[in-house]
Amino acid sequence: MESNKVRLRFAPSPTGPLHMGGVRTALYSYLFAKQHGGDFILRIEDTDQNRFVPGAEQYIIDALNWCGIIPNEGVGFGDGKHAPYRQSERKPLYKQYAEQLIGSGHAYYAFDTAADMEIKRKQAESTGKSFMYDAQTRMQMQNSLSQPASEVNNLLNNNTPYVIRLKVMPDNEVAFDDLVRGHVVFNTNIVDDKVLLKSDGMPTYHLAHIVDDYLMQITHAVRGEEWLPSAPAHILIYKYLGWESKMPHYAHLPLLLKPDGHGKLSKRDGDRLGFPVFPLNWTDPITAEISSGYRERGYLPQAFVNMLALLGWNSGTTQELFTMPQLINAFSFKHIHKAGAKFDPEKAKWFNEQYVRALPDATLVDHLRNDVIESYKYSGDDVRLTDSYLIKAVQLLKPRIQFLHDMHSMGHYLFEPPQTYDTDALQKKWNENQFAFYDVLLPQLNTQQSFDATVIEPLVKNLIKEMGLKMGDVISCLRIFISGKSSGVDLFGMITLLGKTETTQRINNGLQFIKTNN
RNA sequence: GGUCCGUUCGUCUAGGGGUUAGGACGUAUCCCUUUCACGGAUAAAACACGGGUUCGAUUCCCGUACGGACUACCA
């Protein structure tokens, strides 16, 4: 039955890049919708024309695409039967509902200017309180409740700017069942007469999201915990509009908190602490300031999504690695933790590591090849660009990478001779006796028919033993000659990969370096 | 300030009136090993505090503390 279909929306406002908390909200909504064979919708809440940021809407679309959280209706994803999905394009829709509320006595016109409001706030502040436009104060303000009808008509006829405010009935209780928090009860005395329609004719979030959720037949509304305090006002609006039975189930998600200190994760934290808070890079259109994104940092979208899913939610089992279909299957609001979650960048890296290492070798080869082509001016037929070379490199590098780009940065010595040597380590491990070792080793290597670890390794080790040298010392220096570094991928695997010519040349270079620097 | 929400290892969390309070990340140690990783093993590490209720509370209730959100013609 169409009317019973589960429908969720993600409704960000395009005031900047979508941050990871927003992505998580979208993800949970998406998971729940898919689990129930329902719809997932992207609606753009651009009712504040002052906060419009160019590019933000496209960023949201790109981010969802990258994450694989694909709406089946909405801005950027094709219209369903509830188009348009941009609130600015739905502007004419909202006013009638605000007026309906005036008609039923649940809202009123208010003519107070910004200056009037400012004075009231100042007055309240001086007595140590904050001003609230509500049943206590509304009769002292300029509105259609405090003024005679004739005056109100006058103001309206003269095109005096006005807003429409919700008339909240005091001393009542509003209750609702939150999918995360359970039964929540508020007293209406704490809810103010919220503006529903602004003087520019645009609805506020409060009115717009309710009208659209109703019209779009949204069944579940998932949003951040910061909305909890205004939830009673929203419940009231549904009641006053007579839509109570169509009200979606609300789920208020715990916030994502800063890894250090306290407070909710904000835009600034990312680059301050060295991790992204955004899925994709974002360049501020005004300041040109760049905020880094997970994608550009080398995170795989699956890892990013998996990490996000587990931040504040668990499956009830000890499983931590989930594919999207598994998440869809396992998700439940019941298992969302109520407290805010501090984001841990280290754990995020671990997730990426799991996904990167699980990638097929062929995929890793492709990435490595691209990086290598970019860094070195190899000719097209260079052996180091071949599958057989790269696949061996990948196998050597794979157990030590967290990011795809680590293969290149950690394994650069598989593609170029060392530029520098770890002289500290060399100092410790080198001794003059090792010259004799190479005097024997090099000719033996040169005459070697099959240059393979299975042959080279015993050859080298036996020689070290025969000459009574210390295994650790000789091997360490050999490694440094070949890679420049005292640690890295398997030595004999590396030698096999580089081949006879390159290996012996690097050894000779190393010996030369020793001679000239001692 | 007011209102609301929350509080289990450093972090993400499981659990729930009687448990050796479990897992993961990170950390440390050991094993493997030519190094560093990987892998394996082990360890340190938590129920905020105070009152109840109860034979028994980390679990239920109430306070306190602490943290967070909100308190716009922003969302």
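Labels below follow one simple rule: chain letters A, B, ... track the order of the sequence lines, proteins then strands, and each chain is numbered from 1.
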Q. Can A:His252 and A:Arg181 be counted as having a side-chain donor-acceptor contact under 3.5 angstrom?
A. no

Distance-only side-chain donor-acceptor flag, A:Gln140 / A:Thr137, under 3.5 Å: no

Separation of B:G26 atom P from A:Phe343 atom CZ, nearest Å, is 14 Å

Review item, nucleotides 38-49 of chain B N/O atoms under 3.5 Å of protein N/O:
unit_1 : atom_1 : unit_2   : atom_2 : d
B:C38  : O4'    : A:Pro399 : O      : 3.3

Just call it for A:Gly472: base, sugar-phosphate, or nothing, with non-hydrogen atoms closer than 4.0 Å on any strand. nothing

Expected list for residues 307-323 of chain A near RNA chain B, using heavy atoms below 4.0 Å, is A:Leu310, A:Leu311, A:Gly312, A:Asn314, A:Thr318, A:Glu320

Per atom distances to the A:Arg181 side chain, the nearest of B:G10, B:G6, B:A75 is B:G6

field: Check: B:C74 base within 3.5 Å donor-acceptor of A:Arg51 side chain
entry: yes

Atom pairs under 3.5 Å, N or O on each side, protein against nucleotides 67-73 of chain B: can you list them with distances?
unit_1 : atom_1 : unit_2   : atom_2 : d
B:A69  : OP1    : A:Lys264 : N      : 3.4
B:C70  : OP1    : A:Lys264 : NZ     : 3.3
B:C73  : OP1    : A:Arg121 : NH2    : 3.3
B:C73  : OP2    : A:Arg165 : NH2    : 3.2
B:C73  : O2     : A:Ser199 : N      : 2.8
B:C73  : O2     : A:Ser199 : OG     : 2.7
B:C73  : N3     : A:Ser199 : OG     : 3.0
B:C73  : N4     : A:Asp112 : O      : 3.2

Classify the side-chain pair A:Asp452/A:Thr454 by whether it contains a donor and acceptor separated by less than 3.5 Å.
yes

Rounded to whole Å, the CG-P distance (A:Asp48 to B:C74) equals 5 Å

When rounded to whole Å, the CD to P distance for the pair A:Glu457 and B:U33 reads 11 Å

Testing B:A75, B:U35, B:C12 for proximity to the side chain of A:Arg479, the answer is B:U35

Rounded to whole Å, CG of A:Leu207 lies from P of B:C74 at a distance of 13 Å

Using a strict 4.0 Å threshold on nitrogen-to-oxygen distance, state whether A:Arg51 and A:Asp48 make a salt bridge.
yes

**Prompt:** Salt bridge or not for A:Glu457 and A:Lys461, using N-O below 4.0 Å?
**Reply:** yes

dist A:Asn143:CG -> A:Asp193:CG (nearest 0.5 Å) comes out at 8.5 Å

What's A:Lys338 touching, base or sugar-phosphate or nothing? Going by heavy atoms closer than 4.0 Å.
sugar-phosphate

Under a 3.5 Å limit on both distances, the Watson-Crick or wobble mate of B:C70 is B:G2

Open item on the list: Do the side chains of A:Lys349 and A:Glu353 get close enough for a salt bridge, i.e. N-O under 4.0 angstrom?
Closed with: no

When rounded to whole Å, the CG to C1' distance for the pair A:Asp490 and B:C32 reads 14 Å

Base, sugar-phosphate or nothing for A:Asn189? Non-hydrogen atoms, less than 4.0 Å. nothing

Comparing nearest nucleotides in RNA chain B, the 5'-proximal residue of the pair A:His183, A:Gln87 is A:His183

Answer for the Watson-Crick or wobble partner of B:A37, both distances under 3.5 Å, is none

Aromatic A:Phe275 / basic A:Arg297 pairing, under 6.0 angstrom, 45° off normal: no

In this structure, CZ of A:Phe131 is separated from CD of A:Gln123 (nearest 0.5 Å) by 9.0 Å

Check: How far, in whole Å, is B:G17 from B:C55 if one measures between their C1' atoms?
Finding: 11 Å

For this session: Would you please say whether a donor-acceptor pair under 3.5 Å links the side chains of A:Tyr85 and A:Asp212?
Result: no

In whole angstroms, the gap separating P of B:U33 from CZ of A:Phe492 amounts to 14 Å

Taken to the nearest whole Å, CD/A:Gln402 to C1'/B:C25 is 11 Å

For B:U58, the nucleotide meeting Watson-Crick or G-U wobble distances (both under 3.5 Å) is none

pair_partner(B:U64), Watson-Crick or wobble, both distances < 3.5 Å, evaluates to B:A48

To the nearest angstrom, the CD-P distance between A:Glu173 and B:C4 comes to 11 Å

TODO: Establish, from distance only, whether the side-chain atoms of A:Gln142 and A:Asp116 form a donor-acceptor pair under 3.5 Å.
DONE: no

Q) Any chance the side chains of A:Asp473 and A:Ser476 put a donor and an acceptor closer than 3.5 Å? A) no

Answer for the Watson-Crick or wobble partner of B:G17, both distances under 3.5 Å, is none

One thing to verify: whether A:Asp424 and A:Lys429 come together as a salt bridge, which I'm taking to mean a side-chain N less than 4.0 angstrom from a carboxylate O. no

